[in-house]
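Residue numbers start from 1 in every chain, and the chains themselves are labelled A, B, ... in the order their sequence lines are given, proteins ahead of strands. Quick note: numbers below take in every heavy atom, side chains included, and nothing from hydrogens, waters or symmetry partners.
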Number of protein chains: 4
Amino acid sequence: MVAAMQSRTSAPRPGRPRSVEADAAILAATRAALVELGWSKLTMGDVAGRAGVAKTTLYRRWAGKNELVVDAVAVLFDELELPDRGSLAADVEGVVLEFAALLERPEAKTALMAVVAESTSDAALRDRIRSSIVDRQKHLVMEGRARAQARGELPAESDDPETAARSSDLIFDVIAGAVVHRSLVSSKPVDTDWARDFTRLLLGGLTAISPT
Amino acid sequence: MVAAMQSRTSAPRPGRPRSVEADAAILAATRAALVELGWSKLTMGDVAGRAGVAKTTLYRRWAGKNELVVDAVAVLFDELELPDRGSLAADVEGVVLEFAALLERPEAKTALMAVVAESTSDAALRDRIRSSIVDRQKHLVMEGRARAQARGELPAESDDPETAARSSDLIFDVIAGAVVHRSLVSSKPVDTDWARDFTRLLLGGLTAISPT
Amino acid sequence: MVAAMQSRTSAPRPGRPRSVEADAAILAATRAALVELGWSKLTMGDVAGRAGVAKTTLYRRWAGKNELVVDAVAVLFDELELPDRGSLAADVEGVVLEFAALLERPEAKTALMAVVAESTSDAALRDRIRSSIVDRQKHLVMEGRARAQARGELPAESDDPETAARSSDLIFDVIAGAVVHRSLVSSKPVDTDWARDFTRLLLGGLTAISPT
Amino acid sequence: MVAAMQSRTSAPRPGRPRSVEADAAILAATRAALVELGWSKLTMGDVAGRAGVAKTTLYRRWAGKNELVVDAVAVLFDELELPDRGSLAADVEGVVLEFAALLERPEAKTALMAVVAESTSDAALRDRIRSSIVDRQKHLVMEGRARAQARGELPAESDDPETAARSSDLIFDVIAGAVVHRSLVSSKPVDTDWARDFTRLLLGGLTAISPT
DNA sequence: GACTAATCGAGACGGTACGTCTGGTCTTCCG
DNA sequence: CGGAAGACCAGACGTACCGTCTCGATTAGTC
């Protein structure tokens, strides 16, 4: 995932090739450790032990705990999908519940907040999070919006691409932010009722800001 | 703030009383250390040194880094205010910008996410965050809503107090969540433009979910 | 003149007088703690607790652990006696066994070596040990010698008092040193057999060094 | 000296081998610290610092202060030698002065008494002292005795090996005990005069206990 | 019968060292 | 050369004692 680009060129470097199994084992071990121990008690040595791997092998692939955890958790966000549920409201409700289900998983909730916290004082980590996690989610917003426009539920985007991006970003932050805040900060469940209330609020707002 | 309940009963416990100056010095030192070092590099020993206090004095009052930081940061949220800006839109925009300004402060942004991360696997910490931080903010939502109803911008609350609380919670999570997500996850500025866009979206939604 | 007398006896200083019971309780607690914990794990706080006394009360009377322990153990050496057993050989054998029995007691053996160790870098402690412990034992040697001379087993002392003191010191160090070394360093029992062997060796030597 | 047994089998355990230089540096640092600070103020952290080594490296090799100091001091006793001085009297006098000179060294006197004190409540430490220190000295007694017998100054040993061992032990405890007691407990110098007096006493005794 | 003055208990204080744990690096030998 | 093993340095962890201090509450003798 990290330096996978090079493998494509398949330059048969000299010496023993890196074990492909090790990568998978390490990431799995990281997720398991996150579930059991949480972020702060997770240690590199413990992950290495679980994966049946030497610590050196970890450090050869990742710069530290932060990077490792981002990669270990990123794959979880690949599971998010946006099947066509027939209407914009159904699509929004669906993605909200799906995202909430993801945040219920201990490895996801713990890791997500922790790496965001670290990223506040680490620009490189911020980029890594954006590319590995945020962008994967944002893509869903774009997809849902396009589908709604095709259905005629939303007007066509503005000609100005910048304006369009601005409103995409806004919607994304509102959805993701509300779910995360409800789930992790307010510590209350994101259930069907809440998802319906939220969707009504969001769709009402969307109609209001759309140009006639 | 923390164990202040007991002081009211003023039961003069035997032995030397705890230094009240130490508390203030420690919390101030904690905030200073957060700014300089960030969450992960902040150490109890360093805080003690800055505060001119022994490590034992810290541990006598707080169980660990998490608890200390929550208390140290909580006071920042007391600064949030909601002056009457004349209209609901102006009030929302104002509180969004104020909250965003708070999240710009390094001690706030780092600490907030970090303690939330830890709280995902620590129920006691979760409660402490709720009472020390979340509730302080939620109060603003209630206030703004009441004011808007007085102005006639929003209909009177439902007779059912549970329904009213449900929508208050929703609005709170949407506002706080969106600002936090924009600021810390998406890493983009919460400026006047964004605040205006967001306010239009939110107010449109509020109108839509209001009865009649 | 008159007032000076009283200060030695019971100078009635102003203020609340020190508790006489506390002294006894503290020394007893110290000995008990020595038996249970040994020297290095004995703490002032623990002794205070056992004695039902505050730490300040200890420090008001003794400067530290060393001084306290010397005083607590010193009384044990008062038990050493030298009844007239009829001959020099019987007297030596008796005192050797008595001293060995004292060193069997855990509080004595632990404390004696420990304070001697500390005294190697503490002149004041060295003096305290000499006056509180060593001199008490040395007195027995003088007594036994005088008795043997009265019996005619040993020749009268040299006219030169310095010469007499030199040989007293020598005998004392040989007896006490041998018993301590056998018991604590070689970790072997000082039983009747050993005492008899040692006595034969010593008396043989004494005869040899005595002036014809 | 400590775990040297295993090195003979030279089983090449996996992983990086322990630094042999570190061992020497640590023991030297321990002796230096003993001279400067004495036993009670010597700290593991300080020793580590002097040796240019991490604290973990100390604890990987020794269980604590006691074990470390025993090993650090043990080598000093290797310096004791018994050159043939021509007569038993000269040999005894020589070894007494040599031993006294050793006990003059601050690292030896402090450490020896301190570890003996600890050993009174620690059987494992007692064994370590016996094998590392006591046995090294006792060997000198055996050697000197054999030499005196060869010279005809002492009769041949008893046929019963146990009887021979008993008298060897006795002589050893008398010599070592007297020197230690004079030097450390009585706090008086072991000079040539004292050594001569003591030798006369001992040799007189030896003649007395020897079978005709 | 108040006023001193030193004591007592309790327990917090600034320090120092403890022994452990983790992070990240380096060194050895094996495949 | 990759990898497992484990030693290495650095330094934070939370705990335990140290010896001092600050409390309120006793106890005496002195006015």
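- Atoms CH2 (C:W62) and C1' (F:dG19) sit 16 Å apart, rounded to a whole Å.
- Note: CZ (B:R13) to P (F:dA25) measures 15 Å, nearest angstrom.
- Computed from coordinates, the B:R50 CZ to F:dA12 P distance equals 12 Å when rounded to whole Å.
- Within the 3.5 Å criterion, the main-chain N or O of D:P106 finds a donor-acceptor partner in the side chain of D:T110.
- Under 4.0 Å is where a charged nitrogen must lie from a carboxylate oxygen, and between B:D46 and B:R50 at least one such pair does.
- Across all strands shown, A:L42 has heavy atoms under 4.0 Å from sugar-phosphate atoms exclusively, and none from any base.
- Distance check: A:T30 OG1 to A:W62 CH2 gives 7.0 Å after rounding to the nearest 0.5 Å.
- The OH-P distance, from D:Y59 to F:dA12, rounds to 17 Å in whole Å.
- Comparing B:M44 and D:G52 by the nucleotide of DNA chain F whose heavy atom lies nearest to each, the residue mapping closer to the 5' end is D:G52.
- When the nearest nucleotides of DNA chain F are assigned to C:K55 and B:T56 by heavy-atom distance, the more 5′-ward of the two goes with B:T56.
- If A:T43 and B:R60 are placed on DNA chain E by their nearest nucleotide, the residue sitting closer to the 5' end is B:R60.
- For B:K65 and E:dT22, the NZ to C1' distance is 13 Å, given to the nearest whole Å.
- B:D46 places its CG atom 8 Å from the P atom of F:dA12, with the value rounded to the nearest Å.
- One finds a side-chain N or O of D:R61 lying less than 4.0 angstrom from the OP1 or OP2 phosphate oxygen of F:dC8.
- A cation-pi arrangement is not found for C:K109 relative to C:W39, the charged atom failing to lie both closer than 6.0 Å to the ring centre and inside a 45° cone about the ring normal.
- Taking atom CG of D:L68 as the reference point, atom P of E:dG19 lies 11 Å away to the nearest angstrom.
- Take the nearest nucleotide of DNA chain E for B:R16 and for D:K41: the residue whose nucleotide is more 5' is B:R16.
- Whole-Å rounding puts the B:L37 CG to F:dA12 P distance at 10 Å.
- Heavy atoms of D:G64 sit nowhere under 4.0 angstrom from any nucleic acid atom.
- Remark: side-chain polar atoms of B:R31 are paired, donor with acceptor, to backbone N or O of B:A72 under 3.5 angstrom.
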